[in-house]
Each structure stands twice: as C-alpha cells, then as structure tokens.
K.L.:
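Pasting a structure below so you can have a look.
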Amino acid sequence: MKKRSGFLKVISALALLLIGVFFGSILFKPKKVETVPIPSTMNYWKVGASTDTSATDRSKQFTGNIIKVEDGGSIREAVLKAQPGDLIRVYPGTYSETVYIDKDNISIQGVIEEGKWPVMDGKKELNDAILYSGNGITVENMKIIKYKGNGIMGQAGNNFIIRNNWIIDTGVYGIFPQYGKNGIVSHNILTEIEDAAIYVGMCDNVDVKHNEVFGNVAGIEIENSRHCLVESNYAHNNTGGILAFLTPGLPIKTVFDVIIRNNFVIGNNHENFGAPGSIVAGIPPGTGVLIMAADDVIVENNIIANNDNAGITIVDLPTGAPTANDPNSEPNPDRVVLLDNFMFENGNNPVGEIKALMLSQLRSKGPDILAMGGGTGSTIRDKNRYRTFGIDHYGPAEITDTKHITTFTFDTPVAPRSVSKQELGELTYYGVCAGCHAFDTRLIGVPTNIIQAVYEGNPQGIVDYINKPWNLREDYPDMPSQAYLPDDAKMAVAEYILSMKR
Amino acid sequence: MNKKGIILKGVVFVFFTAALWWLLGSSARMESSYYEVPRLNCDCPPGFKLNENNECIAQNLYMAYTTNNDPGVGGLKTALPEIRDGFSPQQIDLGRYLFFDPVLSKDGTISCATCHDPKKGFSDGLAASIGMNGHELTRSAPSLWNVGYLKLLFWDGRAKSLEEQMKGPLFSEEEMANTPENLLKTLNGIKNYRMLFAEAFPGREKDNEITLDEIYKAITAFEASLISLNSKYDRYAHGYPQALNEKEIEGLNVFRSFVARCAECHTPPLFTNQQIAVIGSPEPDGKPLDPGAEVPYNDTTMRGGFKVPSLRNIEKTAPYMHSGNFATLRETVQFYTDGRGHAVPENETLRVHWHIWEPELTGYELDRLVDFLKTLTDESFIPEEPASLPSGLSNTNHNS
C-alpha cells in the first residue's frame, strides 16, 4: 500500500508537472505575431539611408487592397485579381510560375519570416519569373532562382522599383528593365547570371544603387540608355564589373549621361561563360569598368582594384564589338570624364589583346585605365594617379565632382499621357468603329447620324448597346460586342458619336 | 439711260447667258463620258479622320499612350511611330484604283495587287513572286498592312519611302516592266484617269498632264491607309485580358520572354523594330545565299541581313521569310529554336544577330507561339476592291 501510494505520488507529481508544462507552454508561449502589412509606399527601407532615390517611391499613395499569397498559392492569380494600386504580399514558400503584370501600379512584396524568403523557383524549366509591362510596378523582397530567361523583365513599364531581391541563376539577365523611364534598381543581390546581372536596356532616368553583383558574366550593364546613375554597388568576381554600352542593331541608338560613382569594382576575374554570339561573350576576364561607344560617362570615386586585365577600359564599336555594324549608331565613346578613383592592383594578369598590347610596350601588367579606338572630348582629373594606356589625348577634367546630382529619377512619376474625353472618344470612333460606320452613308453598319437620332441625349444607351448588342434592323448584320473597350473609352465614344457634326 | 442702251445690255446679257449655258452643257457632256467609274470617294478610309483641309489623319487607340522613348519599340501600351498621313480622301481612292489596275504594267497584265492581294494579307501566297512573263523573282512579296508606319522598305531595306519603293516593281524588267515615259503615256491616254487625277489633285489646271509624282503620291496614299490595329492582341493590350485565352497568353509570354526573344526584334505594337537583322534563314534547296542588305548598304557585316518584317496579319501571309522557305508558322518558329546559324551554308560566315541563340523551346511552347501569332490577325479595315477600273481592264490578275 505504502509502496503503491509512493508510486501514485510520483505519477501524480509527473502528471502535475506535465499539466504545468502544458499550461505553461500555452500561457507563456510567445504570441504568433502576424507580420504587419507594410504597404510598399512606406519609407521603411530608407531608414538610415540617403533619401535621394525615394522620390518616385514617396510620391505613391497606398490606397489599394492587400492580397495575401501563401505557400501553395499562386502569385500569378493574385496579379490577375489585383486592381491598380493593390499590394500583393507573398509569404515564405516556393512558387514555380511565371508571373506577368499587364496592368498599372501593382506591387509584389515578399514577406520574410524568421529569415525564410518567398522563393520563385523556375526549376530550369520556366522562362522568366516576373514579366511586367505596366507602369508603377514594384517588386521587392523576393528570392528568384533557376529560371531560363530573366528574373525580372520589364517591357516599357515606367516608374518601376525593383529592390531587395535575391536573384540566382536566372539565365540571361537577372533584372532587366527595358524601354522604361524613371526607375530604381536597388539593394538586390545577384549571382550566376550568364549575361548581365542587372541590365538597364533602352531606358531613361534609372538609378542603380546599393546592389551586390558577383559571379556573373557582366555585373551591371547600362545599355542604349540615358540619364543613369550607378552608385554604391559592389561588383566583384564577374567577368566584367560595370559596363556602359552602346550596342549596335537595336532600335534605340544612343547611350549618354551615365554616372558610375562610389562603387566597389573588385576582382572581376571570373571566367567568361556568356552564350556564344552574345556581345558580352567577348569581354575579357579581369575587366573592371567597360565603356563602349557610350557618351558623357562620368566615372567618379570608385574603388577599382584587383581586376586582372584592366581597371577601366574605354573602346569604340569596331574595337569592342567588331561582329556587328549599324550605320545609325555613332561608334565612338565621346566626352568620357574620369574623376578621382581609387585604383590599385589592376592588370596583374592581362589576357588576349591587352596582353599583346602591353608586351609591345615592354610591360607585363595591364593598365588601370585603357582607351582604344576613336572618341573625342574625353578628360581626366589626375592622370598621374594611374597606370594608363591610350589616354594621352585626354585633357584635364572641367569638373571636380558630381555631387549636385543626387538622382536621375524624377520627383514625380512620369505621367501617362492623358487624352481628353473628347480625344479618347474620337480615337475610339475612328480607330475602331469607323471600320463599319460612316457618318451619313451605309458601310457595314448603320450610318452614325441614324445612331445619333436613336440615342439623342442618351450616351448610356449606346454604351449598353455596344456592351451587348441586339439586332435592331433586319437589313443589317449583327454587330459584334465591343465590350472589350475600356469603360472610359466606351462612354467617351458614345458621347463623341452624339456630338459629331459630320 | 436710253432705249438703245437697254437693248444693248439685254443683248449682252442674253449672249453671256447663252455662252455660260453652252459651257456648262459641254462640261456636262464631258462628265457623261467619264461616268464609267464612280467619282472618287470624299470620305476617309476607316482609321482616318477628315480635317478641315480635306486631309485624312490617322486615329487609333495607341495614340492615347505616352511616348517616353522612341515610339513603336516594345511594350503593350506604347505609342506607334509616325505614320504617313495627311492625304486627301480622293488621293487615297485614286491610289486604290491605280493599285488594282494592271494598266500600270508594260503589257497590262500585272497590277500591284497581283503580288499584294488583299485576300492573302496583301501578299500573294507564293515563296517567290511571279513577275512579267512568268518570271520567278527571288524573294517573297511582303505584306502591306501598316506599311505607312515603316521607314525601311523591301526585304533588304533599300528604300526609305513608299514613293521610292514603288519605282522598284513598276520599272523593273522582271516585274511590271514599265518605263516612266510609257506609264505617263498610258495613263494620260485614258480619259477616266485624266478626270480622276484632276479631281484628286485640284490645285493644278484641269487639263494638265498626269505627272509621275501624282501617281506615286496617290499609290502611297492608298498603301499608307492600310491599317490593322484591331486584333485580339490589341484588345488585350488596351486592357481587356479576356481578349486572349489561356494558351494565347502563354504564347505571348513565350514571345516576349528573353528565352525566345521574339519581342526583341518584333517589337509591339507594329511587331517590327524596323532594323536589319542577320538571322541566317535558309534559301530553298539549290538556290544560292541571298546576300540581302549587304548589297544596298555595301557592308559585308550585313551579308544575309533582312528587314525585320511586321507580324501583323502574319497568319494570312504564308509562306514565310524572305525566301518563303517555310510553309507554316510552326515551321518558322521551329527555325529559331533549331539553333544559332544552323542553316548557314558551310562556306559562309554570317554575322548572325546576337539575339539569335539556342532557346531550346519545347514543342508545346512553339505551338503556343503560333497560337499567339494568330491573335495578330485583323482585317477589319480591309479596302474594297474596285468593281471596275478606270482603264477598263479587269482587276483579277492575282498571282497564284
């Protein structure tokens, strides 16, 4: 009995302990905190940083809805549901899909929980992770891996913000805004990209800041673009670190007004693994900064070190890209300005053309700064600081710094061209309706003046009809629905039809 | 005033009235002989608005978009490049008659529409077009849809304007085989055309001879009026996602991905960036390599280079490429995935454009690309073929 009660006591004590632990764990368990939704318009990212690139960012007012996407869900479907102004928050998980954004003002924002990122995984089967054509697109806090084409590609979207993404092995380009104006690419980390990790192509007014690019063929490339600021980036162990290129054969024929400033361009000696035939496949390993046929490029206050071929290379098109020609592309780099840069240990192991060139000068090391081919008006602030080749004709620089330029982005977003209601109605009438309707003669549909008579003072009646036509006249064919027209265009064209004189 | 004065004034009045009546009567008699063809249309063709100067001005929804960059180079809501417009409705309509009239050729057998048949997407369905006396030409006939937006014409880009372009076929021995002198003689000898030109070019004396510039201008006016911007794709681009089905959207995403890279050269909204590109597309068996743009530009780096064609209405214009070597769109997209330079003859080293690589697209993706290309079909503004021609000739001389 005694023995039993002792046993019971032990059991009860254990049970009590377990119950205590159980309730204790419930009572004192740290509360699961829902991540506070952060509209992408908040300036949280700018804490402690300079505010100079946030103008575009700040100017957005968040008025939309927040759409949550969790592991197992689809970002693409969220985008299809989203209205302009909405924020799509993507929670940690793996998303294997191509997301396309063909509407304006959509933000995709990854939510990082306990260091876990939302991952877009292309599994080397999918082409691109994110394709956007809309204006005002933001993509941030996403980890994007293993796509075949690009991580994030834009076509003609303005006012874009691409920041704080982690992009690994996404094929040709990591971040590739094309034909866009006024954008920010900042605080991204990119590696294993077989062309340019960050490729600003045929754009205007873009800031590329605070990114780390390594292990790519090209780190950052500004190509056929104007007014671009490449600042405070860390480009290391790429084949070429930071590039300003005019590539021939493209519809946009100029690159000028590029500032490459305050970057670390270190040890860009990676073997070139570019696709055969690509322009970057010709970049020699050991290339720090490369300027090809670009005009008005300012290189200022960078640390350019340990690039085995040359620190800064400046070439014309026949030298840099002899495989292509374009009678409409001016092939020379003109008015390059080299301000103070900290350059050391460049050219330790020159290859190919530069090696041969240096041997002809009885030198075994490549230079800090090398210029080959044509170009006029280039200047340098203090030639004696560097080992140089081919810049004897560079005069002294007329400026000492670029500090008056804090950003190339605009204070306010680039506005979409606003056409008046009257204009929109007119464009719609002549661009769409006129195939079947003439003012006072019969084409396929009834003459417009008859429509006027039927719907006098009733534009909504016309809108209803073009949304869902019904046959009014036996001697005319059925009209196909024009419901696809944007709502504002439908009302505008209805009012325009009623106002037409002839 | 005396009686004599009054009588004299009366006589003069009667005389002038009679003279006026006689003059009017004679012009009416002239008109009766001219009425074999209708008077020229005084309304603009669809897609154009008539302004107060009697000019037709292009109007479409792409004009609502901003032009931050050079227009016409990529993206959905992007402005188009500048179009050739501002012609009068009469000039456009006269151009329509000329376009379909075989009287423009040396022997009255070939019209512009022989190789640019509206029923075949303004091409002719042939790999290589047929010219005078059955002569087989070297390249396929390009479509004329949206040609008013183009700054570079012919496959090898040798012409910079429609006026310059049309002189090629008009006066080429192998094509329409005419001469400027003979063309003027022929048209001036046709009373209907004398009347129509006077109507389309009212600034000059009515009896003046028709000039070459007037002929070029009228045909240019008509060609530049061929607008195709209301396809399913356009509806999608203007913000109606339901315009394309799931497969077509997949195709759009393959098209603009940087794996396939189609949209890099075939940039929306015209679906051409108007550049010369060397892509190394093959010639039919037994034919030598066509040097393309190398010849007019006298530049060996352009050997085998051709103008990037617009893809508007591409579904209608088989067979494809400058040589018409591919019968279907599926074969054409297959060419791009078969690898960079795979069809370049062994003895040639072409400088193939860097956009051409080895995209390794799957069969499924190629099918979707074809689905998407078909969404670019729109012939809603197709012009009416004239029922009868001012020359009295028949306009049924189409190729194939």
Side-chain angles (χ1 to χ4, degrees), chain A residues 80 98 100 102-103 127-128 131 133 135 148-150 153 155-158 171-173 176 178-181 202-204 247 249-252 275-279 323-327 414-417 419 423-424 426-432 434-436 438-439 441 443 483-486 489, chain B residues 43-44 46-49 58-70 72-79 229-230 235-243 249 252-254 256-260 263 267 273-277 297 299 301-302 340-341 351-354 356-358 360 380-381:
Chain A
L80 294 179
T98 292
Y100 60 95
D102 290 330
K103 43 181 105 172
N127 290 338
D128 305 277
L131 285 167
S133 72
N135 293 327
K148 282 163 65 186
N150 301 311
M153 176 183 185
Q155 266 209 316
N158 300 323
V172 190
Y173 303 120
F176 178 25
Q178 191 184 28
Y179 305 123
K181 189 165 188 147
M202 297 187 262
C203 290
D204 291 272
T247 296
L250 299 177
I252 310 277
S278 66
I279 300 277
T323 54
N325 196 10
D326 185 341
V414 181
R417 179 179 160 194
V419 290
E423 283 172 307
L424 182 60
E426 192 172 293
L427 295 177
T428 310
Y429 178 80
Y430 287 102
V432 179
C436 294
F439 186 75
T441 50
L443 283 181
Y484 63 85
L485 288 167
Chain B
D43 289 325
C44 291
F48 292 84
K49 184 192 180 191
Q59 301 278 288
N60 59 68
L61 283 170
Y62 283 100
M63 294 168 80
Y65 303 138
T66 181
T67 310
N68 290 316
N69 221 323
D70 282 11
V73 288
L76 294 183
K77 293 187 176 176
T78 306
L229 295 170
N230 287 322
R235 295 174 184 189
Y236 182 88
H238 296 315
Y240 184 68
Q242 298 90 322
I249 289 174
L252 165 65
N253 286 335
V254 175
R256 61 184 166 174
S257 83
F258 210 78
V259 175
T267 47
N273 64 1
Q274 307 212 46
Q275 302 296 302
I276 301 282
Y297 290 86
D299 181 344
T301 67
M302 290 185 172
R340 179 182 168 80
R351 299 184 173 194
V352 176
H353 197 290
W354 61 280
I356 305 293
W357 69 321
E358 319 222 333
E360 293 172 15
S380 55
F381 288 1

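A note on names: the letters A, B, ... follow the listed sequences, proteins ahead of strands, and every chain is numbered from 1. All values derive from a computational prediction rather than experimental measurement.
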K.L.:
Suppose we screen for ring pair (Phe, Tyr, Trp, His ring centres under 6.0 Å). Which residues come up paired with B/Y236, at least two apart in sequence or across chains?
P.N.:
none
K.L.:
If you round to the nearest 0.5 Å, how far is CG of A/L80 from CD1 of B/I249?
P.N.:
7.5 Å
K.L.:
Considering only heavy atoms from C-beta outward, does the side chain of A/V432 approach that of B/L229 to under 4.5 Å?
P.N.:
no
K.L.:
Would you mind checking which part of B/F381 comes under 4.5 Å of any heavy atom in chain A, side chain (CB onward), backbone (N, CA, C, O), both or neither?
P.N.:
side chain
K.L.:
Please find the pair of heavy atoms, one from B/A64 and one from A/L427, that lie closest to each other, and give the distance.
P.N.:
N-CD1, 3.8 Å
K.L.:
With rounding to the nearest 0.5 Å, note down the distance linking CD in B/Q59 to OG1 in A/T428.
P.N.:
10.0 Å
K.L.:
Which residues satisfy the side-chain hydrogen bond (donor to acceptor under 3.5 Å, both in side chains) test with A/Y484, sequence neighbours excluded?
P.N.:
A/Q482
K.L.:
Any idea which heavy atoms bring B/G75 and A/A156 closest together, and the distance?
P.N.:
CA-CB, 3.7 Å
K.L.:
Under 4.5 Å between any side-chain heavy atoms of B/W354 and A/T247, yes or no?
P.N.:
yes
K.L.:
Is the backbone of A/L250 close enough, under 3.5 Å, to the side chain of B/N273 for a donor and an acceptor to pair up by distance?
P.N.:
no
K.L.:
In terms of heavy-atom proximity below 4.5 Å to chain A, should B/E360 be classed as side chain, backbone, both, or neither?
P.N.:
backbone
K.L.:
Report which part of A/N127 has an atom under 4.5 Å of a heavy atom belonging to chain B: side chain, backbone, both, or neither.
P.N.:
both
K.L.:
On the 0 to 90° scale, with breaks at 30° and 60°, tag the A/F176-B/F258 ring pair as parallel, tilted or perpendicular.
P.N.:
perpendicular
K.L.:
So, taking the atom named CD in A/Q155 and the one named OG1 in B/T267, what distance separates them when rounded to the nearest 0.5 Å?
P.N.:
8.5 Å
K.L.:
Looking only at heavy atoms, which two atoms of B/G47 and A/A434 are closest? And how far apart?
P.N.:
N-CB, 4.1 Å
K.L.:
Would you give the length of the straight line joining atom CG of A/L443 to atom CG of B/D43, rounded to the nearest 0.5 angstrom?
P.N.:
8.0 Å
K.L.:
Between A/K148 and chain B, which part of the residue has a heavy atom less than 4.5 Å away: side chain, backbone, both or neither?
P.N.:
both
K.L.:
Chain A heavy atoms under 4.5 Å from B/S380: which part of the residue, side chain, backbone, both or neither?
P.N.:
backbone
K.L.:
Would you check if B/Q275 and A/P251 make a side-chain contact, meaning some heavy-atom pair closer than 4.5 Å?
P.N.:
yes
K.L.:
Please classify the contact of B/A58 with chain A as side chain, backbone, both or neither, using a heavy-atom distance under 4.5 Å.
P.N.:
neither
K.L.:
Distance check, rounded to the nearest 0.5 Å: B/N253 atom CG versus A/T98 atom OG1?
P.N.:
6.5 Å
K.L.:
Where on B/I276 is there a heavy atom nearer than 4.5 Å to chain A: the side chain, the backbone, both, or neither?
P.N.:
neither
K.L.:
Using non-hydrogen atoms and a 4.5 Å limit, figure out which bit of A/Y173 sits close to chain B: side chain, backbone, both or neither.
P.N.:
side chain
K.L.:
Please identify, among A/S278, A/P276, A/G249, A/P486, the residue contributing the most non-hydrogen atom pairs under 4.5 Å to chain B.
P.N.:
A/G249
K.L.:
How far does CG of A/D102 sit from CZ of B/R256, to the nearest 0.5 angstrom?
P.N.:
4.0 Å
K.L.:
Heavy-atom cut-off 4.5 Å, strictly under: side chain, backbone, both or neither for A/Q178 against chain B?
P.N.:
side chain
